[in-house]
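Input: a single structure, listed below in structure tokens.
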Amino acid sequence: GVEVGPQPQGVVRADILDKMRKIVKHGLDFVQLFNEGREFPPCTIEVFKIMERVDYPRNKNDEVIAIIHPKLQDQDWQPLNNGDPLFLTLDGEVITYKGDCTVYPTFINEAAYYEKKQAFVKTVKMKLTAKHIRSSV
């Protein structure tokens with residue numbers, strides 16, 4: 001499957017649809033070239049590994065008591081460091097990130113995840129290396 005976004009639920013955006021078509025085309029091109037016996041050299045790519053799903057701060061009645069901080073909103077895949085703002089309480093208090101390493105939040109304030117008690121997902125950046133591949137056709 002291919003998921004391309006961000007895109008609000010029930011909305012079709014031409015730019016996102018175009019990106020999805022390009023990704024699918026590249027995938028199909030790869031399959032065709034691989035099936036024809038093309039050798040692909042080794043490569044290294046950066047990826048983001050999910051480490052933790054983070055909920056909104058809640059009170060003892062399980063009610064949300066803070067919203068995503070404006071400086072975090074729309075900053076998916078950007079570095080988040082110790083002391084950076086995460087949430088803003090309804091009383092105006094800033095809740096900061098307390099971590100020992102840089103993380104890369106994503107799915108920040110996504111409506112589809114609100115009922116799942118997910119304010120955002122913390123990821124870490126990693127590099128993956130693939131050896132060369134070639135079909136045995």
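Computed from a predicted structure; not experimentally measured.
Under 3.5 Å, the side chains of Thr44 and Thr129 contain a donor-acceptor pair of N or O atoms. Residues Asn109 and Gln73 have side chains that bring a donor and an acceptor to within less than 3.5 angstrom of each other. At a cut-off of 3.5 Å, with distance as the only test, a side-chain donor of Thr96 or Lys98 sits close to an acceptor on the other residue.
Checking side-chain atoms of Asp84 against main-chain N and O of Asn81 turns up a donor-acceptor pair under 3.5 Å. Looking only at distances, a side-chain donor or acceptor of Asn59 sits under 3.5 Å from a matching main-chain atom of Asn61. A donor-acceptor pair under 3.5 Å is formed between the side chain of Ser135 and the backbone N or O of Phe34. Using a distance-only test at 3.5 Å, with no hydrogens or angles considered, a donor-acceptor pair links the side chain of Thr123 to the main chain of Tyr104.
Residues Val103 and Ile95 fall within the same hydrophobic cluster, defined by Ile, Leu, Val, Met, Phe, Trp and Tyr side chains chained together at heavy-atom separations under 4.5 Å.
Residue Glu39 places its CD atom among more than 12 non-hydrogen atoms of other residues, nucleotides or ligands, all under 6.0 Å distant. Counting heavy-atom neighbours within 6.0 Å of Asp100 CG, excluding the residue itself, gives a total of 12 or less.
Atom CD in Glu63 sits 9.5 Å away from atom CD1 in Ile65 (nearest 0.5 Å).
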His69/Leu86 under side-chain contact (heavy atoms from CB on, under 4.5 Å): CA gap, chis, key distance, verdict: CA-CA 5 Å; His69 193 280; Leu86 287 180; 5.8 Å; no

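Closest approach of Val64 and Arg58 over heavy atoms only: CG2-NH1, 3.5 Å.
Under the 4.0 Å criterion applied to side-chain N and carboxylate O atoms, Arg13 and Asp18 are not assigned as salt-bridge partners.
For Phe107 and Phe120, the ring centers are positioned 6.0 Å apart or more.
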